[in-house]
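Below is one structure, written out as structure tokens; the observations come after it.
So you know, we letter chains A, B, ... as the sequences are listed, proteins then strands, and number each from 1. The figures that follow rest on heavy atoms only: side chains count, while hydrogens, waters and symmetry mates do not.
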Number of protein chains: 2
Amino acid sequence: MKPEDETNEVYRFFTEVGIINQLISTKLEAFLPGRMTATQFGILGHLVRRPEGETPLQLSNAFQVPKTSMTHTLSSLENHALITLEANPNDKRSKIARSTPKGAEFLKACMERMSESLAPVLSELGFDPFHNSLPNLTLIREALDSERD
Amino acid sequence: MKPEDETNEVYRFFTEVGIINQLISTKLEAFLPGRMTATQFGILGHLVRRPEGETPLQLSNAFQVPKTSMTHTLSSLENHALITLEANPNDKRSKIARSTPKGAEFLKACMERMSESLAPVLSELGFDPFHNSLPNLTLIREALDSERD
DNA sequence: CTCCAATAGTACGATATCGAACTAAAATAA
DNA sequence: TTATTTTAGTTCGATATCGTACTATTGGAG
């Protein structure tokens, strides 16, 4: 394959990623109350799976959003009582975000509705396209991530 | 594989897609002037490859963003003289967006800088992860897209 | 210890995003 | 033809996003 075709394919890869992200965010946000965002939902899921909590900076790194966006996002989640934000005993500059029981329940309920909504797509597509591409996506994400500095 | 593991893997798929989208948008936006967005850039590319132009609605569908976002995005591109917005001779309700020569040049310049910036990642990763996952992504995008209605 | 560079998070302001309601034109029905 | 419904795009208002500049704290160098 010619180098320019390769560049082209990489470009299309990123375009598809953008469109899928858009489609899935829209689908998810239709289930979420108010103006809650797919990113907020992703952060909540991350925290529910980590009962020990994480600092805002760890979350910024995990989701690759700016610190300043994370401040805003976390305070919104805190306003809805889905997470708590406490002082970090190890570092007075820092905080620890943890999910609340309400947050965990909320996540579970949304995930269930989302699964129902995705069921037709999954039965049409089968599981393979997801299973086959996931390792490649992880590879690409890690490469982009480590190169950023 | 258990069904719940499959669900889990689908969930991770969407998470990876979100993070890659975030990483690549940030990387691209670092090259773009002012507060120009990755989506705006994507739309410009789409129009450059289609000299006959497209209507705002076609663009909304292609990128899966709301019409109302497209109005805003297109007027921003028009303000920068990267595209033109003309009346659609076939339908007085509608318009046609086309790239300008300045838009095409601008796109080319940004693409080149982006390619340079991606070169280290590509030489580390090779081309295969992109090539292998693209057909799967297209499949998933089409399924999500057709199911939306 | 004292200084200073690096780090965690925030305030602020500029834009982007997008849902709801709207206008105008086109397509369809009656 | 006239009335109704559908469609393309915009306006408006609310919120999200993020770059810049800032404060407080930490940790290392001398």
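When each of A:Glu29 and A:Leu57 is assigned the nucleotide of DNA chain C bearing its nearest heavy atom, the one mapping closer to the 5' terminus is A:Leu57. Each of B:Lys92 and A:Pro56 was matched to the nucleotide of DNA chain C holding its nearest heavy atom; the match closer to the 5' end belongs to A:Pro56.
Heavy atoms of A:Asn88 sit nowhere under 4.0 angstrom from any nucleic acid atom.
We find that NZ of B:Lys27 is positioned 16 Å from P of D:dC18, with the value rounded to whole Å. For the pair A:Gln22 CD and D:dT17 P, the computed distance is 12 Å after rounding to whole Å. Distance, A:His72 NE2 to C:dG13 P: 15 Å, rounded to whole Å. Residue B:Leu85 contributes atom CG, which lies 16 Å from atom P of D:dA8 at whole-angstrom precision. If you take CG of A:Leu28 and C1' of C:dT17, they are 16 Å apart, rounded to a whole angstrom. Rounded to an integer number of Å, the gap from B:Asp91 CG to C:dA27 P is 6 Å. Nucleotide D:dT17 holds its C1' atom 17 Å from the CE atom of B:Met36, rounded to whole Å. For the pair B:Asn90 CG and D:dA8 C1', the interatomic distance rounds to 14 Å; values are reported in whole Å.
For B:Ser76, whose side chain is taken as the heavy atoms from C-beta onward, the closest listed nucleotide among D:dT17, D:dT10, C:dA16 is C:dA16. When distances run from any side-chain atom of A:Thr68 to the nucleotides C:dT17, D:dT20, C:dT7, the shortest one goes to D:dT20. Comparing atom distances between the B:Lys67 side chain and each of C:dA14, C:dG19, D:dG9 picks out D:dG9 as nearest.
A donor-acceptor contact under 3.5 Å is not formed by the side chain of B:Lys95 with the base of D:dG9. For D:dT7, its base sits under 3.5 Å from the side chain of B:Arg93 at one donor and acceptor pair at least.
Taking 4.0 Å as the cut-off between side-chain N and carboxylate O, A:Lys108 and A:Glu112 count as a salt-bridged pair.
Within the 3.5 Å criterion, the main-chain N or O of A:Lys95 finds no donor-acceptor partner in the side chain of A:Thr55.
Proximity of A:Ser94 to the phosphate of C:dG9: a side-chain N or O atom is located under 4.0 Å from OP1 or OP2. The shortest distance between the side-chain N/O atoms of B:Thr71 and the OP1/OP2 oxygens of D:dG9 is not below 4.0 Å.
Ring geometry, B:His131 versus B:Phe127: the interplanar angle falls from 30° to 60°, so the pair is classed tilted.
A side-chain donor from one of A:Asn88 and A:Ser94 sits under 3.5 Å from a side-chain acceptor of the other.
Among pairs with a residue in residues 39-68 of chain B, those fulfilling salt bridge (charged side-chain N to carboxylate O under 4.0 Å, His left out) read B:Arg50-B:Glu54, at least two apart in sequence or across chains.
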